[in-house]
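Below you'll find the structure, written out as structure tokens, and then a few comments.
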Amino acid sequence: MKAIVYKKFGPPDVLHLEEMEKPIPADNEILIRIHAASVNFGDLMARNFKAISMREFNMPGILWLLAKISLGFNQPKFPIPGSEFSGEVESVGRDVHTFKKGDQVFGFSSQSFGTYAEYLCLPANGVLAPKPTNMTYEEAAVVPYGAIMALNLLRKANIQPGQKVLVNGASGGIGSAAVQIARHLGADVTGVCSTPRLQFVKSLGATRVIDYTKEDFTQNGETYDLIVDILGKGSFSRLKGSLKPAGILLYASFKMKQLLQMLWTSLMGGRKVICAIAPGSAEDLLAVKELIEAGKIKAVIDRRYPLEQIAAAHQYVETGHKKSSVVITV
Ligand SMILES: NC(=O)c1ccc[n+]([C@@H]2O[C@H](COP(=O)([O-])OP(=O)(O)OC[C@H]3O[C@@H](n4cnc5c(N)ncnc54)[C@H](OP(=O)(O)O)[C@@H]3O)[C@@H](O)[C@H]2O)c1
């Protein structure tokens, strides 16, 4: 099969097309013929992880160390990158009864990667589900990561209809799903992003969009029941003036300081900090599929690249100019 491999960490040009053995599914696995994959934040990070110091990593040091152990210290442990996919079941292991040949599926291979290839083997109980009936393969491949993370994170905040929610980082993989899910839960959503993505975030259902290159949302006098900070850009001391008296600041990216603030604010009344890690699960992906089929989550594709041009796709995403999702067609 054709696959993209990388033998060392580094810039996009470490990614090369190679011929590899087609994988054979174990008894508990399914073999998927990949139709489409994506380029998300985690894919960029995994490709270049050696260059990312503990300080630069958007999470506590212990998670950086665990990521190093999982991804490899000096060279990548998993030769084929890519983590989101859609495709068709080609065959199943003999213990698999939940999927059959010909099923259309989508999913997230997480830290076992391997989706930049013609074929992928995954345990049948991995993060995969039937492809939403109202999405193409390309659309379905760009949704799983952001949507399952956002769904998981927002559960921690228990959003109520009519609440005011601000998503800082609203144009990214997780943020764009968070805008749509918060809106589905009945919230009045404000999205914060840069100028080229204002229209995209508005199209996701945000009532208001704020361009952070032109306006500091902490200075406009508005207050929110929930602020979701995807990149952990704002400190609690800066953002708490924008929270209602019982408001929540939900961090998707955080360091030890924010963890201590979570502990401290959980003991006190008033505004709370929540730092959350979102493990992906097949149940969450099934919930995402239902939201997609109910028209609550959509996929917007900015550019398409064939598998052979994966380096160009990574380069484009890395420039920070992508407007929505970038899909890889296999
Ligand atoms: N908690 C968890 O379980 C979990 C799981 C996965 C990932 N993460 C974390 O989530 C983050 C990645 O999120 P993602 O996948 O959504 O990334 P992404 O797709 O790269 O999106 C990040 C977005 O942030 C925006 N941004 C950049 N600078 C900003 C600023 N100063 N203010 C507001 N927005 C800004 C960017 O768009 P604009 O140019 O439009 O602003 C970009 O679209 C990482 O920090 C990662 O560690 C957490």
* Are Lys131 and Glu293 close enough for a salt bridge, meaning some N to O gap below 4.0 Å? -> no

* Are any of the side-chain heavy atoms of Leu231 and Asn168 separated by less than 4.5 Å? -> no

* **Val300 and Ser325, any side-chain heavy atoms less than 4.5 Å apart** => no

* To do: Please work out which of the three classes, parallel, tilted or perpendicular, describes the rings of Tyr224 and Phe217, given edges at 30° and 60°.
  => perpendicular

* Asked: Given side chains that start at C-beta, do those of Ile277 and Phe254 come closer than 4.5 Å, heavy atoms only?
  -> yes

* For Gly234, does its backbone N or O pair with a side-chain atom of Tyr251 as donor and acceptor, under 3.5 Å? -> yes

* salt bridge (charged side-chain N to carboxylate O under 4.0 Å, His left out) between Asp302 and Lys323: does it pass, once the steps are laid out? -> CA-CA 6 Å; Asp302 174 7; Lys323 287 184 191 63; 5.2 Å; no

* Asked: So, the side chain of Ser86 versus the backbone of Tyr137: is there a donor-acceptor pair under 3.5 Å, distance only?
  -> yes

* Asked: How far does CG of Asn134 sit from NZ of Lys298, to the nearest 0.5 angstrom?
  -> 12.5 Å

* Heavy-atom check, side chain of Lys214 versus side chain of Thr195, under 4.5 Å -> yes

* Asked: Does Glu56 reach the main-chain N or O of Ser53 with its side chain, forming a donor-acceptor pair under 3.5 Å?
  -> yes

* Are the side chains of Phe85 and Phe108 in touch, meaning some heavy atoms are under 4.5 Å apart? -> no

* Side-chain touch Met149/Asn152, heavy atoms, less than 4.5 angstrom -> no

* To do: Look at atom NZ of Lys77 and say whether more than 12 heavy atoms of other residues, nucleotides or ligands are closer to it than 6.0 Å.
  => yes

* Begin with the C-alpha distance, continue with both residues' side-chain angles, and end with the deciding distance and a verdict on salt bridge (charged side-chain N to carboxylate O under 4.0 Å, His left out) for Glu90 and Lys22. => CA-CA 12 Å; Glu90 171 104 347; Lys22 184 174 163 185; 3.1 Å; yes

* Asked: Would Ile69 and Ile52 show up in the same hydrophobic cluster when neighbours are defined by side-chain heavy atoms closer than 4.5 Å?
  -> yes

* **Ser324 and Ser176, any side-chain heavy atoms less than 4.5 Å apart** => no

* To do: Indicate the atoms forming the closest heavy-atom contact of Val327 with Glu138, along with that distance.
  => CG2-O, 3.5 Å

* To do: Classify the angle between the aromatic ring planes of Trp64 and Phe49 as parallel (below 30°), tilted (30 to 60°) or perpendicular (above 60°).
  => tilted

* To do: Using distance alone, with no hydrogens and no angle criterion, decide if Ser83 and Asn40 have a side-chain donor and acceptor under 3.5 Å apart.
  => yes

* Asked: Is the shortest side-chain N to carboxylate O distance from Arg208 to Asp188 below 4.0 Å?
  -> yes

* Should the pair Glu222-Lys164 be classified as a salt bridge under the 4.0 Å nitrogen-to-oxygen rule? -> yes

* Taking only Lys NZ, Arg NE, NH1 and NH2, and the carboxylate oxygens of Asp or Glu, determine whether Lys289 and Asp284 approach each other closer than 4.0 Å. => no

* Identify the residue among Glu18, Gln75, His16 that makes a side chain to side chain donor-acceptor pair (under 3.5 Å) with Lys7. => Glu18

* Taking C-beta and beyond as the side chain, do Thr223 and Leu243 meet within less than 4.5 Å on heavy atoms? -> no

